[in-house]
Amino acid sequence: MTLSATPGPAVTLATRGDRDRVLATVVAAFVADPAFRYFFPDDATYAEHATVFAGYLFDKRVEHGTVWLVDGGAAVSLWDPPGAAVCDPALDLPADVLARLDDYEGAVHGSIPTEPHWYLGVLATHPDHSGKRWGRLAIGAGLVEADLAGLPAYLETTNPANVELYLRSGFVVATHLPADPPRLGIPSWIMARPARQG
């Protein structure tokens with residue numbers, strides 16, 4: 001289903017058939033992302049481990065109809081709708097990687113309110129298409145859904161360069177978690193976009 005009605009790249013809902021393209025975009029886009037490099041610091045195994053994790057992120061959202069693509073996957077957004085059942089399959093990753101993922105989950109996701117909301121889990125633009133503002137198109141589809149429901153939207157980012165990008169999309173910094181070496185060695189920003197009526 002195509003969502004965009006104006007000239008420019010199409011914004012469409014992803015299906016399982018789009019999995020490989022979405023994973024390729026996420027892995028390429030996050031090669032220097034602080035969170036992904038915290039999870040997967042070894043250059044020799046980055047692509048393999050990041051692909052497994054990106055597949056997990058895609059699989060748990062695609063059946064909800066909350067994965068949007070720009071231009072067939074050149075940019076992607078992966079959202080959780082409110083009340084979505086969490087699909088948590090076992091991840092085939094080394095124990096040290098799983099420990100870092102668990103540390104991050106515990107440190108960051110406990111700071112996101114439990115009120116009903118839309119949650120942006122991933123926003124990625126393939127480096128071949130950076131600078132085209134397609135990330136704004138990808139994020140917009142989920143924001144429309146949040147607005148139609150009259151609900152806030154949340155996200156977290158570990159990349160300080162992304163904070164300004166999200167501010168331009170109507171988010172505000174709700175919480176800043178500084179780097180805490182005993183628990184989490186990277187800072188994180190929890191950002192919220194207040195509820196709007198669609």
Side-chain angles (χ1 to χ4, degrees), residues 14 16-62 67-80 86-112 119-139 155-166 173 175-191:
R16 287 209 164 270
D18 297 306
R19 189 178 193 270
D20 289 346
R21 180 80 190 274
V22 171
L23 270 56
T25 291
V26 172
V27 171
F30 287 0
V31 71
D33 178 75
F36 264 50
R37 293 324 301 243
Y38 169 74
F39 303 146
F40 320 116
D42 186 347
D43 287 341
T45 57
Y46 168 79
E48 175 189 354
H49 293 167
T51 298
V52 170
F53 185 56
Y56 156 77
L57 298 174
F58 176 83
D59 292 343
K60 75 177 200 167
R61 294 178 171 104
V62 68
V67 176
W68 283 278
L69 314 176
V70 176
D71 197 41
V76 300
S77 65
L78 287 71
W79 289 81
D80 290 328
V86 176
C87 161
D88 280 329
L91 281 167
D92 185 17
L93 291 168
D96 64 314
V97 172
L98 293 174
R100 288 190 293 273
L101 288 166
D102 286 344
D103 285 347
Y104 182 82
E105 178 78 17
V108 173
H109 285 265
S111 299
I112 296 176
Y119 169 74
L120 176 62
V122 179
L123 178 66
T125 300
H126 195 284
D128 291 347
H129 299 281
S130 63
K132 296 180 180 179
R133 307 185 93 186
W134 288 2
R136 300 271 310 257
L137 291 176
I139 196 175
L155 61 84
E156 93 272 349
T157 183
T158 57
N159 188 339
N162 288 343
V163 172
E164 183 61 36
L165 180 150
Y166 292 124
V173 176
T175 306
H176 176 235
L177 302 174
D180 181 7
R183 178 163 176 103
L184 186 66
I186 51 174
S188 184
W189 290 262
I190 310 298
M191 302 189 70

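By convention here, the first residue in the shown sequence is residue 1.
- A 4.5 Å side-chain heavy-atom check between Leu101 and Leu93 finds at least one atom pair inside the cut-off.
- Counting heavy atoms from C-beta on, the side chains of Tyr46 and Val27 come closer than 4.5 Å.
- Aromatic ring centroids of Phe39 and Tyr104 lie under 6.0 Å apart.
- The nearest pair of heavy atoms linking Ala35 to Thr158 is N-OG1, 3.0 Å.
- In this structure, the separation between CG on Leu155 and CH2 on Trp189 is 12.5 Å, given to the nearest 0.5 Å.
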> Please walk me through it: do Phe36 and Val26 pass side-chain contact (heavy atoms from CB on, under 4.5 Å)?
Replying inline: CA-CA 10 Å; Phe36 264 50; Val26 172; 4.0 Å; yes
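- By the 6.0 Å contact criterion, CG on Asp42 is enclosed, its count of non-hydrogen atoms from other residues, nucleotides or ligands being greater than 12.
- Atom CG of Asp20 sits about 9.0 Å away from atom CZ of Phe58, to the nearest 0.5 Å.
- Annotation: side chain of Phe53 is not in contact with side chain of Val97 (no heavy-atom distance under 4.5 Å).
- Judged purely by atom type and a 3.5 angstrom limit, Arg136 has no side-chain atom pairing as donor or acceptor with the backbone of Ile139.
- For Asp92, the CG atom is loosely surrounded, since the number of other residues' heavy atoms within 6.0 Å does not exceed 12.
- When all heavy atoms of Trp79 and Ala138 are compared, the closest pair comes out as NE1-O, 4.3 Å.
- Taking CD1 from Ile190 and CG from Leu177, the interatomic distance works out to 5.0 Å, rounded to the nearest 0.5 Å.
- Within the 3.5 Å criterion, the main-chain N or O of Gly73 finds a donor-acceptor partner in the side chain of Thr25.
- The shortest side-chain heavy-atom distance between Asp59 and Arg19 falls under the 4.5 Å cut-off.
- Under the 4.5 Å side-chain criterion, counting only non-hydrogen atoms from C-beta, Arg133 is not in contact with Leu165.
- Put simply, the side chain of Val31 reaches to within 4.5 Å of the side chain of Arg37, judged on heavy atoms.
- Under the side chain to side chain contact (heavy atoms under 4.5 Å, CB included) rule, Val76 has a single partner from Leu69, Val70, Thr125, Leu123, which is Leu69.
- Here the closest heavy-atom approach between residue Arg61 and residue Gly121 is recorded as NH2-CA, 3.6 Å.
- Contact detail for Gly135 and Ala75: the closest heavy-atom pair is N-CB, 4.3 Å.
- Val108 approaches Ser188 most closely through the heavy-atom pair CG2-OG, 3.8 Å.
- In this structure, Tyr166 and Thr157 have side chains that are in contact, with non-hydrogen atoms separated by less than 4.5 Å.
- Under a 3.5 Å cut-off, the side chain of Tyr119 and the backbone N or O of Glu156 do not form any donor-acceptor pair.
- The two residues Phe30 and Ala124 have their closest heavy-atom pair at CE1-CB, 4.0 Å.
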